Engineer: 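The structure that follows is given in the form of structure tokens.
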Amino acid sequence: MLVAIPRESSSDEHRVAGTPQSVKKIKTLGYDVLVESGCGEQAGFLDDHYAAVGARVTSDGNELWSSADAVLCIDPPTASDIDRMKSGAVLIGLLWPAKNPELLDTLRQKNISALSMDCVPRISRAQKMDALSSMANIAGYRAVIEAASQFGGFFTGQITAAGKVPPAKVLVIGAGVAGLSAIGTAKSLGAIVRAFDTRLAVKEQIESMGAEFLELEFEESGEGAGGYAKVMSDEFIKAEMELFAEQAKEVDIIITTALIPGKPAPRLVTADMVKSMKPGSVIVDLAAENGGNCELTQKGRVVKEHDVTVVGYTDLPSRLPKQSSILFANNVVNLLVDLTPEKDGQLTIDTNDEVVRAVVVTHEGETLWPPPPVEPSPVAAPKPHAELAAAAVEGAPQSFWKKWGLTIVVALVLVSSLLFIGRFAPASFMSHLTVFVLAVFVGWQLIWNVTPALHTPLMSVTNAISGIIILGAILQMNGDFSFATIFAFVAVLIAMINVTGGFYVTQRMLGMFRKQD
């Protein structure tokens with residue numbers, strides 16, 4: 001099959017759906033690749049780069065659209081481009097089916113199998129294809145950069161000979177992918193960062209990045225389907241708006257990311273809040289495409305109201321075209337890998353697969369949008385401490401010996417053993433034994449209290465501890481066939497097993513994040 005990568009039709013779109021690196025991977029799946037001349041220039045990818053990895057470059061757009069078996073794009077194609085596609089071809093891109101019903105009708109009538117990358121479900125197995133998260137990550141980063149370019153001061157605090165400069169205060173509303181990216185970027189620039197989200201589950205994520213989580217004393221959770229927030233009650237919204245009004249008077253920069261798919265953006269920053277902000281403050285509205293979270297946002301424009309700059313850009317990922325293109329192209333390649341199980345250059349659309357079914361919006365002359373809901377894997381919620389305590393109280397009472405008997409017996413055996421050893425062992429041995437027991441206890445307490453999610457990275461740390469053991473054991477090997485030498489040899493052997501396993505696990509963990517050629 002022939003996979004084509006055209007130049008984007010919009011002059012404001014600087015991204016490209018395929019990079020030379022992704023083309024190289026697509027060819028390993030058995031596909032031929034045709035790219036339109038100049039399609040990647042604005043993202044820093046020249047025609048020669050594509051030709052070097054085996055793609056054929058053409059300047060004839062008609063040939064590209066009419067001969068392709070599959071077309072990769074960023075934005076939805078124009079009606080004339082679709083008209084040039086052959087019946088039965090495949091289209092992959094950001095099609096936004098909820099906002100483009102006419103596009104779906106056109107694709108269905110043309111018998112085009114359309115796969116929309118913005119419909120990838122937010123489940124673990126589909127993360128590698130989640131283009132929305134990839135673009136939101138870039139949008140959050142770029143939002144901070146845009147705010148910094150409009151803000152008339154440093155993000156980090158400074159003490160200079162000319163005077164003291166306080167750090168900027170940044171408020172991020174919404175802690176999804178874009179919000180967390182904005183938090184990380186602002187924090188790395190030295191700002192004081194505060195964040196708010198209706199989902200209490202993100203509190204730990206926010207605080208782990210060094211930001212302050214603004215929490216309402218309200219018994220209501222904003223967890224919605226698919227990892228998105230849900231619409232909150234009127235009482236919650238009232239308390240939320242009061243919080244934002246207080247924060248608007250204090251902070252220098254507000255970055256809003258609150259958006260519920262398929263619905264207008266909620267208005268979270270009113271004109272009065274903007275008026276109350278300090279002169280020179282900045283608001284970056286990432287929800288401008290759907291009306292904006294700020295009442296004064298103008299889609300695609302930067303406006304200044306009450307001496308506050310309101311940024312309403314809708315093309316933030318496109319303002320980092322190279323990085324955006326690389327991430328989007330990787331998402332597409334990961335989808336093609338799943339659609340080409342035999343690596344024979346034949347694309348197979350299996351609608352029984354829940355991920356494929358979610359992204360397919362038209363297929364074989366039928367409109368398949370919206371897809372059936374994909375339920376995430378259920379996660380058992382931890383029981384509150386009060387509930388656990390109540391359960392313990394309600395349980396059957398235990399006698400003293402049944403509850404503490406085994407502990408007392410073990411303690412007596414250990415004490416007796418130590419007294420027996422101390423009666424005959426030299427003082428130096430008892431000193432070493434005491435250190436050993438304390439080291440075992442401290443190590444057990446340390447490892448036991450580590451969060452399970454950190455156990456894999458912890459393998460790397462234990463390499464250093466095992467190295468100390470190996471060094472000490474080697475110093476005990478003096479060449480004679482004594483008990484100390486045998487014991488030291490065993491210690492070296494066991495510690496080396498731990499070191500080897502630690503490096504192996506670490507290598508596999510790093511491989512998950514390493515860019516593949």
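Just so you know, residue 1 is the first one in the sequence shown, and it goes up from there. None of the values given here were measured: they were computed from a predicted structure.
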Engineer: Heavy atoms only: give me the nearest Cys119-Trp369 pair and the separation to one decimal.
Structural biologist: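 For Cys119 and Trp369, the tightest heavy-atom pair comes out as SG-CZ3, 3.5 Å.
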Engineer: Once rounded to the nearest 0.5 Å, what's the spacing between atom CG of Leu104 and atom NZ of Lys99?
Structural biologist: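 Those atoms lie 13.0 Å apart.
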Engineer: With a cut-off of 6.0 Å (strictly less than), are more than 12 heavy atoms of other residues, nucleotides or ligands near NZ of Lys187?
Structural biologist: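 More than 12 heavy atoms, drawn from other residues, nucleotides or ligands, come within 6.0 Å of this atom.
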Engineer: Taking atom CD of Gln247 and atom CG of Leu214, what is their separation to the nearest 0.5 Å?
Structural biologist: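 These two atoms lie 5.0 Å from each other.
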Engineer: Would you call the rings of Phe196 and Phe213 parallel, tilted or perpendicular if under 30° counts as parallel and over 60° as perpendicular?
Structural biologist: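 Ring orientation of Phe196 relative to Phe213: parallel.
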Engineer: Can you tell which of Val16, Leu320, Asn330 makes a side-chain contact (heavy atoms from CB on, under 4.5 Å) with Ser325?
Structural biologist: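 Between Ser325 and the candidates, side-chain contact (heavy atoms from CB on, under 4.5 Å) is satisfied uniquely by Val16.
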Engineer: Can a side-chain donor-acceptor contact be found between Ser116 and Asp118 if the only test is distance below 3.5 angstrom?
Structural biologist: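 Result is yes, a qualifying pair exists.
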Engineer: Out of Thr314, Thr257, Thr256, which one pairs with Asp285 under the side-chain hydrogen bond (donor to acceptor under 3.5 Å, both in side chains) rule?
Structural biologist: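 Among Thr314, Thr257, Thr256, the one meeting side-chain hydrogen bond (donor to acceptor under 3.5 Å, both in side chains) with Asp285 is Thr256.
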Engineer: Locate the shortest heavy-atom distance separating Ala168 from Phe154; write the atom from each residue and the value.
Structural biologist: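 Where Ala168 meets Phe154 most closely, the heavy atoms are CB-O, 3.7 Å.
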Engineer: Hey, mind stepping through Met273 and Met277 against side-chain contact (heavy atoms from CB on, under 4.5 Å) and telling me if it holds?
Structural biologist: CA-CA 7 Å; Met273 293 182 194; Met277 295 182 73; 5.8 Å; no
Engineer: For Tyr50 and Val23, indicate whether the former's side chain and the latter's backbone hold a donor-acceptor pair under 3.5 Å.
Structural biologist: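 No, because the side chain of Tyr50 does not come within donor-acceptor range (under 3.5 Å) of the backbone of Val23.
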Engineer: Nearest 0.5 angstrom please: Tyr31 OH to Ile26 CD1, how far?
Structural biologist: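 Spacing of OH (Tyr31) from CD1 (Ile26) equals 9.0 Å.
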Engineer: Verify side-chain contact (heavy atoms from CB on, under 4.5 Å) between Leu286 and Leu259, making sure each step is shown before the conclusion.
Structural biologist: CA-CA 9 Å; Leu286 271 69; Leu259 193 60; over 6 Å; no
Engineer: Is there a donor-acceptor pair under 3.5 Å between the side chain of Ser208 and the backbone N or O of Gln205?
Structural biologist: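 Side chain of Ser208 to backbone of Gln205: a pair is present.
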Engineer: For Thr362 and Ala114, indicate whether the former's side chain and the latter's backbone hold a donor-acceptor pair under 3.5 Å.
Structural biologist: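 At least one qualifying donor-acceptor pair exists.
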Engineer: Could you go through Lys25 and Ser22, starting from their C-alpha distance and side-chain angles, then the distance that decides it, and tell me whether this counts as side-chain contact (heavy atoms from CB on, under 4.5 Å)?
Structural biologist: CA-CA 5 Å; Lys25 295 177 184 178; Ser22 71; 5.6 Å; no
Engineer: Which atom names give the shortest non-hydrogen contact between Ala248 and Ser276, and what distance separates them?
Structural biologist: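 So the two residues come closest at CB-OG, 4.0 Å.
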Engineer: Say whether, by atom type as modelled, one donor and one acceptor occur between the side chain of Asn100 and the main chain of Leu103 under 3.5 angstrom.
Structural biologist: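 Absent.
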Engineer: Between Ser134 (side chain) and Phe328 (backbone), is there a donor-acceptor pair under 3.5 Å?
Structural biologist: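 No: the side chain of Ser134 does not pair with the backbone of Phe328.
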Engineer: Any idea which heavy atoms bring Ile92 and Val90 closest together, and the distance?
Structural biologist: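 Reported closest heavy-atom pair: CG1-CG1, 4.0 Å.
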Engineer: What residue pairs, at least two apart or across chains, pass salt bridge (charged side-chain N to carboxylate O under 4.0 Å, His left out) with a residue in residues 300-315?
Structural biologist: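 Every salt bridge (charged side-chain N to carboxylate O under 4.0 Å, His left out) pair that includes a residue of residues 300-315, provided the two are not neighbours, is Asp315-Arg319.
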Engineer: Atom CG in Leu115, atom CZ in Arg357: separation rounded to 0.5 Å?
Structural biologist: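 The CZ atom of Arg357 is 11.0 Å from CG of Leu115, to the nearest 0.5 Å.
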Engineer: What is the minimum heavy-atom distance between Pro77 and Leu95, and which atoms define it?
Structural biologist: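 Closest heavy-atom pair between Pro77 and Leu95: CD-CD2, 4.2 Å.
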Engineer: Would you list the pairs meeting salt bridge (charged side-chain N to carboxylate O under 4.0 Å, His left out) in which at least one residue belongs to residues 27-48, sequence neighbours left out?
Structural biologist: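 Applying salt bridge (charged side-chain N to carboxylate O under 4.0 Å, His left out) to every pair that reaches into residues 27-48, excluding sequence neighbours, yields nothing.
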Engineer: Just to verify, what does Val302 make a side chain to side chain contact (heavy atoms under 4.5 Å, CB included) with, not counting sequence neighbours?
Structural biologist: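 Gln150, Thr309, Val311, Tyr313.
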Engineer: May I ask you to decide if Ala288's main-chain N or O and Thr297's side chain share a donor-acceptor pair within less than 3.5 Å?
Structural biologist: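 No; zero donor-acceptor contacts below 3.5 Å.
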Engineer: Side chains of residues 65-76: which donor-acceptor pairs under 3.5 Å do they make with residues two or more places apart or in other chains?
Structural biologist:
| residue | atom | partner | partner atom | Å |
| --- | --- | --- | --- | --- |
| Ser66 | OG | Asn62 | O | 2.6 |
| Ser66 | OG | Glu63 | O | 3.4 |
| Ser67 | OG | Glu63 | O | 2.5 |
| Asp69 | OD1 | Lys86 | NZ | 2.8 |
| Asp69 | OD2 | Leu2 | N | 2.8 |

Engineer: To the nearest 0.5 Å, tell me how far Gln323 CD sits from Met135 CE.
Structural biologist: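 Answer rounded to 0.5 Å: 8.5 Å.
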Engineer: Using modelled atom types and a 3.5 Å cut-off, is there a donor and acceptor pairing between side-chain atoms of Ser181 and backbone atoms of Val177?
Structural biologist: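 Absent.
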Engineer: Enter the distance from His363:NE2 to Arg108:CZ here, rounded to the nearest 0.5 Å.
Structural biologist: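 Spacing of NE2 (His363) from CZ (Arg108) equals 15.0 Å.
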Engineer: Do Asp81 and Arg84 sit within salt-bridge range, that is, some charged N less than 4.0 Å from a carboxylate O?
Structural biologist: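 Counted as a salt bridge, because a side-chain N and a carboxylate O are separated by less than 4.0 Å.
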Engineer: Going by the salt bridge (charged side-chain N to carboxylate O under 4.0 Å, His left out) test, which pairs reach into residues 331-350, not counting sequence neighbours?
Structural biologist: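 Output for this query lists Lys128-Asp338.
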Engineer: Only one of Thr270, Ile254, Ile283 passes side-chain contact (heavy atoms from CB on, under 4.5 Å) with Cys294; say which it is.
Structural biologist: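 Of all the options given, the one that passes is Ile283.
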Engineer: For residues 3-21, which residue pairs pass the salt bridge (charged side-chain N to carboxylate O under 4.0 Å, His left out) check, not counting sequence neighbours?
Structural biologist: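 Sorted result for residues 3-21: Glu13-Arg15.
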Engineer: Do you know the tightest heavy-atom contact between Pro266 and Ala258?
Structural biologist: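 It is CD-O, 3.7 Å.
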Engineer: Taking everything shown except Glu204 itself, do over 12 heavy atoms lie less than 6.0 Å from its CD?
Structural biologist: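 Counting other residues, nucleotides and ligands, CD of Glu204 stays at 12 neighbours or fewer.
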Engineer: Taking atom CZ of Phe151 as the centre, report whether more than 12 heavy atoms of other residues, nucleotides or ligands fall under 6.0 Å from it.
Structural biologist: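 Counting other residues, nucleotides and ligands, CZ of Phe151 exceeds 12 neighbours.
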